[in-house]
Novice: 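Sharing a structure here in structure tokens format.
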Amino acid sequence: MPIRTGNDEYIYEIVEGWGMSGATGIDGTFDVAGVGIDSSENVYLFNRGQRPVIVLDKDGEFLRCWGDKKTFPNAHAVTIGPDDAVWLTDNLDHTVRKCTPDGKVLLTLGTSGKPAKGMSGLPLCRCTHVAIHPGSGELFVSDGYGNAKVHKYTPDGRLLCSWGEPGNKPGQFSLPHNICTDRDGYVYVADRENQRVQVFTSNGKLEDIWTNMARPCGMYIDTSHSQLCYIGELSTSWWCQIAPELWGIQNHPGYGPRVSIYSLDGTLRATLLDNAQGEAPDQMIAPHGIAVSREGDIYVGEVSATAGPWFARKNPTRPFRTVVKLRKVKKVSAPLAN
């Protein structure tokens with residue numbers, strides 16, 4: 001019987017082994033950094049292997065692949081537009097590329113391989129994700145590893161404005177790692193190292209701050225149905241992975257990693273797979289990218305190969321599970337895994 005996770009209102013079954021067969025190209029020795037779903041329910045896995053874009057159907061069967069390591073040296077996030085355009089953010093190429101579903105590049109934000117000066121506030125320096133305004137088509141880019149900014153662009157790539165600065169005060173950022181918009185055009189930023197989500201108007205006015213998170217990393221808002229926000233949270237115990245005696249003490253449920261579900265008023269509705277970091281089916285290692293299908297199924301990309309438990313450092317080619325599917329169910333008929 002499948003393992004279930006969640007609460008009475010939000011129940012999911014863990015689909016063990018989804019997408020991890022050798023035929024899909026996902027072998028667990030590299031990271032799946034981003035996940036996106038198109039209008040046909042096909043799943044795009046933006047990964048750090050030799051085939052950066054791998055497309056599977058909802059059953060996990062291989063459809064196609066494209067891209068190369070020269071174009072995408074370090075995959076970070078994928079966003080599927082309302083027209084099924086594939087927006088790919090690469091944080092070592094310092095670009096966001098708009099592509100067709102079969103890989104033709106239509107638009108590039110930033111200059112390939114040429115970052116802006118770090119913490120200058122100028123775009124782009126190790127950018128992390130892109131979101132699209134549902135009405136205007138304007139673009140919002142979180143510029144996180146080398147900056148502390150959100151940049152707003154026209155649909156054709158002209159810079160309109162930027163906001164944010166380094167720090168932990170309201171409106172400031174410490175690694176803006178992911179970004180989403182809701183159906184009203186509000187902008188949600190996963191302010192990872194401040195362990196919070198900040199909510200802005202489309203012009204950068206701060207509206208709300210959600211706290212009590214474990215390093216929010218991946219984020220997705222279901223604008224077509226529930227308007228729920230799904231967040232992949234990392235572990236707050238990573239700092240002690242180099243010391244086995246501390247890792248055994250610190251790695252416990254409640255610290256992450258996990259998937260959390262929020263309503264857009266910032267209320268936590270459910271936590272999934274919150275069973276400490278590990279390789280068991282009901283645990284996670286490093287949720288990094290997340291997307292939700294029309295049926296409510298959750299797909300999570302994990303950067304397990306580089307962010308796994310401390311012992312993985314001794315064997316960097318050791319395979320890990322790097323993609324997870326959680327199938328939404330309606331009724332509880334089996335024990336839950338948290």
Side-chain angles (χ1 to χ4, degrees), residues 18-38 40 42-57 60-81 83-116 123-130 132 139 141-146 153 156-157 177-178 217-218 286 288-291 299-308 316-323:
W18 185 91
M20 291 294 295
S21 70
T24 68
I26 301 297
D27 63 4
T29 60
F30 53 84
D31 297 322
V32 174
V35 183
I37 303 172
D38 68 15
S40 299
N42 298 322
V43 182
Y44 291 69
L45 304 178
F46 193 32
N47 67 85
R48 294 172 183 169
Q50 295 302 313
R51 302 187 294 174
V53 179
I54 294 176
V55 187
L56 310 180
D57 67 19
E61 297 301 319
F62 177 81
L63 295 177
R64 61 186 178 275
C65 64
W66 45 270
D68 56 58
K69 290 291 286 183
K70 181 179 180 180
T71 307
F72 303 110
N74 198 61
H76 199 268
V78 55
T79 302
I80 306 296
D83 57 354
D84 277 348
V86 183
W87 295 82
L88 301 171
T89 305
D90 191 293
N91 76 329
L92 288 186
D93 194 55
H94 314 285
T95 57
V96 177
R97 298 179 190 269
K98 178 184 181 182
C99 303
T100 63
D102 58 0
K104 179 182 178 181
V105 178
L106 302 174
L107 174 70
T108 301
L109 305 179
T111 303
S112 178
K114 296 182 179 180
L124 295 166
C125 186
R126 300 201 67 178
C127 46
T128 54
H129 199 197
V130 64
I132 304 170
L139 309 169
V141 178
S142 51
D143 202 8
Y145 279 101
Y153 294 85
D156 61 358
H177 192 271
N178 273 65
C217 205
H288 192 270
I290 190 167
Y299 296 83
V300 184
E302 296 200 80
V303 290
S304 305
T306 57
T317 62
R318 179 183 173 203
F320 285 98
R321 180 194 64 215
T322 55
V323 60

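This structure is a prediction, so every number in the text was calculated from the model and none was measured.
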Novice: Which residues pass the side chain to side chain donor-acceptor pair (under 3.5 Å) test with Asn178, sequence neighbours left out?
Specialist: His129

Novice: At their closest point, which heavy atom of Val86 faces which heavy atom of Ile80, and how far apart are they?
Specialist: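 That closest heavy-atom pairing would be CG2-CD1, 3.9 Å.
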
Novice: Please enumerate all residues that pass side-chain contact (heavy atoms from CB on, under 4.5 Å) together with Asp27, with sequence neighbours excluded.
Specialist: Thr29, Phe30

Novice: Could you tell me whether a side-chain N or O of Asp38 sits under 3.5 Å from a main-chain N or O of Ser40, the two making a donor and an acceptor?
Specialist: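 Pair found, side chain donor or acceptor close to backbone of Ser40.
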
Novice: Applying salt bridge (charged side-chain N to carboxylate O under 4.0 Å, His left out), can you list everything that pairs with Asp90, at least two apart in sequence or on another chain?
Specialist: none

Novice: Apply salt bridge (charged side-chain N to carboxylate O under 4.0 Å, His left out) to Arg51 and list each qualifying residue two or more places apart in sequence or on a separate chain.
Specialist: none

Novice: Sequence neighbours left out, what passes side chain to side chain donor-acceptor pair (under 3.5 Å) with Asp57? Give chain and number order.
Specialist: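 Here no residue qualifies.
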
Novice: My understanding is that only residues two or more places apart in sequence, or in another chain, count here; which of them pass ring-ring contact (aromatic ring centres under 6.0 Å, His included) with Tyr44?
Specialist: none

Novice: How about Val35 and Val43: do any of their side-chain heavy atoms sit closer than 4.5 Å?
Specialist: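 Answer yes - side chains close enough.
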
Novice: Under the side-chain contact (heavy atoms from CB on, under 4.5 Å) test, which residues partner Phe46, sequence neighbours left out?
Specialist: Pro52, Val53, Phe72, Ala75, Val78, Leu88

Novice: Counting only N and O atoms by type, is there a donor-acceptor contact under 3.5 Å from the side chain of Thr322 to the main-chain atoms of Val32?
Specialist: no

Novice: Are a donor atom and an acceptor atom from the side chains of Ser112 and Asp93 found within less than 3.5 Å of each other?
Specialist: yes

Novice: Going by side chain to side chain donor-acceptor pair (under 3.5 Å), name the residues that satisfy it together with Thr111, two or more places apart in sequence or in a different chain.
Specialist: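 Applying side chain to side chain donor-acceptor pair (under 3.5 Å) to Thr111 gives none.
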
Novice: Scan for salt bridge (charged side-chain N to carboxylate O under 4.0 Å, His left out) pairs involving residues 60-74, sequence neighbours excluded, and state none if there are none.
Specialist: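 Qualifying pairs, neighbours excluded: none.
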
Novice: What residues, two or more places apart in sequence or in another chain, satisfy ring-ring contact (aromatic ring centres under 6.0 Å, His included) together with Trp66?
Specialist: none

Novice: Arg97 versus Thr71: any side-chain heavy-atom pair under 4.5 Å?
Specialist: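 Yes, close enough: below the 4.5 Å cut-off.
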
Novice: Give a yes-or-no answer on whether the side chains of Thr108 and Thr95 include a donor-acceptor pair shorter than 3.5 Å.
Specialist: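 Looking only at side-chain atoms, Thr95 and Thr108 do not form any donor-acceptor pair under 3.5 Å.
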
Novice: Give me the atom names and distance for the closest heavy-atom approach of Pro101 to Asp84.
Specialist: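 That closest heavy-atom pairing would be CG-O, 3.5 Å.
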
Novice: Could you tell me which residues satisfy side chain to side chain donor-acceptor pair (under 3.5 Å) with His177, sequence neighbours excluded, listed by chain and number?
Specialist: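 If we apply the side chain to side chain donor-acceptor pair (under 3.5 Å) test to His177, skipping adjacent residues, the hits are His76, Tyr145, Arg192, His288.
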
Novice: Sequence neighbours excluded, which residues qualify as salt bridge (charged side-chain N to carboxylate O under 4.0 Å, His left out) partners of Arg126?
Specialist: none

